[in-house]
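First the structure, in the form of structure tokens, and then the observations on it.
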Amino acid sequence: MEAFGPKDYGGEDAALRAEGRLALEAGVHFRVTRFIMEAGAKLGMHSIPIATACTIYHKFFCEISLDAYDPYLVAMSSLYLAGKVEEQHLRTRDIINVSNRYFHPGSEPLELDSRFWALRDSIVQCELLVLRVLRFQVSFQHPHKYLLHYLISLKNWLNRYSWQRTPISVTAWALLRDSYHGQLCLRFQAQHIAVAVLHLALEAYGVEVPAEAEAEKPWWQIYTMDTEIP
């Protein structure tokens with residue numbers, strides 16, 4: 001067997017380090033987006049603003065190194081900005097208190113002291129940074145409206161017993177929510193993500209779409225055609 005030369009070994013070692021770093025960063029992003037989802041829920045945010053906050057976060061760190069800024073500060077600013085974008089405005093004080101309770105369960109709301117105002121200023125300044133980095137492009141098309149449309153269509157397509165005995169709808173929505181832990185929202189079209197989570201939900205419960213074997217095309221190809229849902 002041919003031995004590795006110094007150059008070959010160095011290249012493999014660098015590749016392994018790069019893979020390890022990617023895995024580490026993916027773990028960080030998973031935890032931070034989980035924070036966004038839980039904090040957003042406690043703040044009373046709807047699913048679309050939470051999805052927008054996750055997308056803003058992921059898009060920011062596609063442009064900026066994870067080492068450059070505190071990811072949780074970016075997450076808090078993403079929540080604040082998403083509330084504006086989706087017209088569900090949040091107070092910075094509420095974001096700070098919910099975040100503080102998340103990191104320190106059972107703690108009291110922060111006093112309006114120098115620490116609070118410094119954190120508030122950091123969120124506002126970070127929001128401006130995020131807007132500049134993303135070139136003010138912070139409106140996104142999410143899969144939610146597509147999934148809702150597909151579920152209504154599929155419900156009328158399947159027999160009533162198959163639909164009622166399996167939580168296809170609940171599972172599909174849960175899978176869609178979990179997809180925002182990663183960067184799928186940036187890599188694929190909204191309607192493709194919607195049909196993918198629906199397909200996975202059907203596969204999970206072994207539910208077959210009627211007449212699929214006789215159809216000329218798989219059922220999911222009908223949904224992935226480039227048509228806009230009003």
Side-chain angles (χ1 to χ4, degrees), residues 17-86 88-107 109-110 115-116 118-144 173-188 190 193 197:
R17 288 199 302 270
E19 289 179 4
R21 179 172 178 80
L22 288 174
L24 180 63
E25 290 185 353
V28 172
H29 293 321
F30 183 95
R31 291 191 295 273
V32 178
T33 48
R34 170 58 59 182
F35 158 74
I36 291 175
M37 293 176 189
E38 293 189 14
K42 291 178 180 178
L43 288 163
M45 296 181 76
H46 304 310
S47 57
I48 294 295
I50 292 176
T52 295
C54 291
T55 306
I56 289 172
Y57 171 86
H58 286 305
K59 193 173 182 182
F60 178 83
F61 281 111
C62 282
E63 302 287 339
I64 301 294
S65 170
L66 183 59
D67 298 328
Y69 297 97
D70 180 356
Y72 285 99
L73 176 60
V74 175
M76 294 167 70
S77 297
S78 297
L79 285 166
Y80 185 51
L81 180 56
K84 294 181 179 179
V85 172
E86 303 298 344
Q88 190 180 1
H89 297 274
L90 303 172
R91 297 191 307 172
T92 52
R93 181 176 182 178
D94 293 334
I95 295 174
I96 290 171
N97 284 326
V98 166
S99 300
N100 182 63
R101 182 68 63 88
Y102 181 89
F103 296 116
H104 307 285
S107 61
L110 292 179
R115 180 191 173 200
F116 172 88
L119 185 53
R120 180 189 179 280
D121 290 343
S122 296
I123 292 174
V124 173
Q125 292 300 317
C126 187
E127 178 201 14
L128 297 176
L129 171 66
V130 170
L131 282 170
R132 290 197 297 270
V133 169
L134 301 188
R135 296 174 289 279
F136 293 86
Q137 297 176 6
V138 290
S139 294
F140 308 100
Q141 186 180 63
H142 294 295
H144 297 65
W173 285 115
L175 290 169
L176 178 57
R177 181 188 64 244
D178 289 347
S179 73
Y180 282 91
H181 285 102
Q183 297 181 355
L184 291 178
C185 54
L186 302 179
R187 295 170 54 196
F188 299 99
I193 296 175
V197 299

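Because only heavy atoms are used, hydrogens play no part in the values below, and waters and symmetry mates are left out as well, while side chains stay in.
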Exercise. Any side-chain heavy-atom pair from F60 and L129 closer than 4.5 angstrom?
Worked result: yes
Problem set entry | Side-chain touch F61/P71, heavy atoms, less than 4.5 angstrom | yes
For this session: Compare all side-chain heavy atoms of H46 with those of H144 and state whether any distance is below 4.5 angstrom.
Result: no
For this session: Mind jotting down which residue pairs meet the side-chain hydrogen bond (donor to acceptor under 3.5 Å, both in side chains) criterion with at least one end in residues 24-34? Sequence neighbours excluded, please.
Result: R21-E25, H29-Y57, R34-H181
Exercise. Under 30°, 30 to 60°, or over 60°: which ring-plane class applies to F103 and Y72, parallel, tilted or perpendicular?
Worked result: perpendicular
For this session: Would you give the length of the straight line joining atom OG of S99 to atom CG of L43, rounded to the nearest 0.5 angstrom?
Result: 7.0 Å
For this session: Measure the NZ-CZ distance between K59 and R135 for me, rounded to the nearest 0.5 Å.
Result: 7.0 Å
For this session: Would you give the length of the straight line joining atom CG of L186 to atom OH of Y180, rounded to the nearest 0.5 angstrom?
Result: 9.5 Å
Exercise. Can you find a heavy atom in the side chain of C54 that is under 4.5 Å from one in the side chain of F140?
Worked result: no
Exercise. Should T52 and V138 count as side-chain neighbours, where that means a heavy-atom distance under 4.5 Å?
Worked result: no
Problem set entry | Polar side-chain atom of E86 near backbone of I48 as donor-acceptor pair, under 3.5 Å | no
Problem set entry | Note, T55 side chain near H142 side chain (heavy atom, < 4.5 Å) | yes
Seminar exercise, completed: Separation between CE (M76) and CD1 (I96), nearest 0.5 Å, reads 5.5 Å
For this session: Using a 4.5 Å cut-off on heavy atoms from C-beta on, say whether the side chain of R177 contacts that of S47.
Result: no
Exercise. Do the side chain of R101 and the main chain of S107 share a donor and acceptor less than 3.5 angstrom apart?
Worked result: yes
Exercise. Rounded to the nearest 0.5 Å, how far does NE2 of H58 lie from CD of E63?
Worked result: 14.5 Å
Exercise. Would you say S77's side chain and V74's backbone share a donor-acceptor pair under 3.5 angstrom?
Worked result: no
